[in-house]
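Take a look at the structure below.
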2 protein chains.
Amino acid sequence: MATIKTPARASALHFERPLVTVDVVIFTVIEQQLKVLLVHRPETASDPFPGSLALPGGFIDVAVDASLHDCALRKLGEKTGLEAPYLEQLGSWGSATRDPRGWSATHVYFALVPAPEDTDATASATSQWLEVGTALRTHLAFDHSEILAGAVERLRAKVEYTSLPAFLLPEPFTLPQLQRTYEVVLGRPMDKSAFRKRMLDAQFLAEEGAIAGDAGRSAMGYRIRDRERAAVFPRTFRSVEGPSLASS
Amino acid sequence: MATIKTPARASALHFERPLVTVDVVIFTVIEQQLKVLLVHRPETASDPFPGSLALPGGFIDVAVDASLHDCALRKLGEKTGLEAPYLEQLGSWGSATRDPRGWSATHVYFALVPAPEDTDATASATSQWLEVGTALRTHLAFDHSEILAGAVERLRAKVEYTSLPAFLLPEPFTLPQLQRTYEVVLGRPMDKSAFRKRMLDAQFLAEEGAIAGDAGRSAMGYRIRDRERAAVFPRTFRSVEGPSLASS
DNA sequence: CAAATAGTGTCTTTAAGACACTATGCC
DNA sequence: GGCATAGTGTCTTAAAGACACTATTTG
């Protein structure tokens, strides 16, 4: 960093700084649909994209936010009241033209949260849960449509080989519920037997007593063993694992 | 973005802006070792971390760089003279404390380049290729050690299921050369037969005449079909492919 | 022909997919 | 018992791994 060539301004840092924001793509599943939380931008004409739908986010507050991650957590908490969701950095988007107010860069996170008990509490006058397909067909403020497309692509890609959908469910949940969540996110049906073998072999679930459904047999409830990280299913070029230790 | 609550500063943008930089982790393979390009920071006492090793990078020039990606390409060109390498965004690191000059955020890219013809042309008084293991054990400026660790982790993870190592070789290359590159990056030997089946089945290589080696039988040379993207090898939850079209 | 390296064939193993089957709870 | 849903078993298939074999080039 900071290879400044003009001696006059060396380490003076007097050049123009871009605007810096953090945006969060918050996913959940409500009524068997993958949804994303969007906010209405203020109608004030002095703000860019007045009234448009946008991802929740905003400027970094250098006095409040210790880090980018903390800033994303703060914004997530402000919108959903949730404290410890699955939160992962998606990437950053920055250019001279994405914000009419000047050169700007945004750091984007994506979060997976269980469906809120009361949908209306999170969906208010200024924010709402939109079905992802609908959201993708909507013109969002700034380059947020492109960012949302990137987030959906990343989510779908990772769902193919990780336990991410488990973070979209309230605990405890059953394997059939988890399977339906996978199917909703990926948009295709999955085989029950293969699905169960895979989930149980991956060792990321802890049993938690039976749960009765609306009809039929009741099912085993599960919790996520480690909410800090998602499980990764076996893939190509077997990465030399084997049982941690052989006896003696 | 920009949900500003204090009416007084609404869209005034008068709050403090963080420093914004772009850093690039440039990998190559030289003499059967995975290397990363590092630069010496200036000895000027007014600069942070004088004399330390650091990742190449620097402040965004809002007058010159159209986007983050362009900025990364510019910095890569300045250091290596290369124009069209494999370049992918790694993520961003930002906090109040990572730079003594103030709240700063850096956008990090990682690049894969073929070994330079003349190593000394890129390794100069201010920059040098360091073996990755050595670099990881070195204290780098800022949080660059952490960033480098993240880049190596991402590279190794993706090498398990993509054709990324092909971008570390000058074209045309042979399958045995490619296999050695995989082995160098992953630090473990691979089976020849399985390796070749996989590479050829993935359809990302184009034949380009035989190449004679130092000894023994000569081998088929290959080029990357599409330098814009890496091939992804088959993974879990078979993503419904099948041959593009059945006859008739 | 020997040494060295490139390339192939065959069998095993792992995990996914298809699909039929059994088990349990509620009316 | 009948329906609905949970959960299991068995066979097939795709692709990785082990490893022995053949092929081509140089000296």
* Per A:P176 side chain, nearest of listed nucleotides D:dC19, D:dA16, D:dA6 -> D:dA6
* Most 5' of B:D214 and A:S193 on DNA chain D, judged by nearest nucleotide -> A:S193
* To do: Let me know the distance between CG of B:L175 and C1' of D:dT24, rounded to the nearest Å.
  => 16 Å
* To do: Using a strict cut-off of less than 4.0 Å between a Lys/Arg side-chain nitrogen and an Asp/Glu carboxylate oxygen, indicate whether B:E171 and B:R225 qualify as a salt bridge.
  => no
* Determine, for A:F237 and B:R198, whether the Lys NZ or Arg CZ falls below 6.0 Å from the six-membered ring centre while staying within 45 degrees of the axis. => yes
* Picking from C:dG25, C:dA16, C:dC19, which would you name as closest to the side chain of A:P234? -> C:dA16
* **Spacing between B:K192 atom NZ and D:dT22 atom P, to the nearest angstrom** => 13 Å
* **Interatomic distance where CG belongs to B:D201 and C1' belongs to C:dT8 [whole Å]** => 14 Å
* Asked: From the list C:dA4, C:dG25, D:dA6, which nucleotide is the closest neighbour of the side chain of A:A219?
  -> D:dA6
* To do: Please check the phosphate of D:dA4 (OP1 and OP2 only) for any side-chain N or O of A:R217 closer than 4.0 Å.
  => no
* Nearest-Å distance, CZ (A:F237) to P (C:dA15)? -> 16 Å
* Determine the contact category for A:M220: base if any of its heavy atoms lies under 4.0 Å from a base atom, sugar-phosphate if only primed atoms, P, OP1 or OP2 are that close, otherwise nothing. => sugar-phosphate
* To do: Using a strict cut-off of less than 4.0 Å between a Lys/Arg side-chain nitrogen and an Asp/Glu carboxylate oxygen, indicate whether A:E78 and A:R74 qualify as a salt bridge.
  => yes
* To do: Send over the distance from A:E160 CD to C:dG17 C1', rounded to a whole Å.
  => 14 Å
* Does B:R196 put a side-chain nitrogen or oxygen below 4.0 Å from OP1 or OP2 of C:dT8? -> yes
* For residues B:T21 and B:T106, is any side-chain donor paired with an opposing acceptor at under 3.5 Å? -> yes
* Identify, between B:F233 and A:K197, the residue whose nearest nucleotide on DNA chain D lies closer to the 5' end. => A:K197
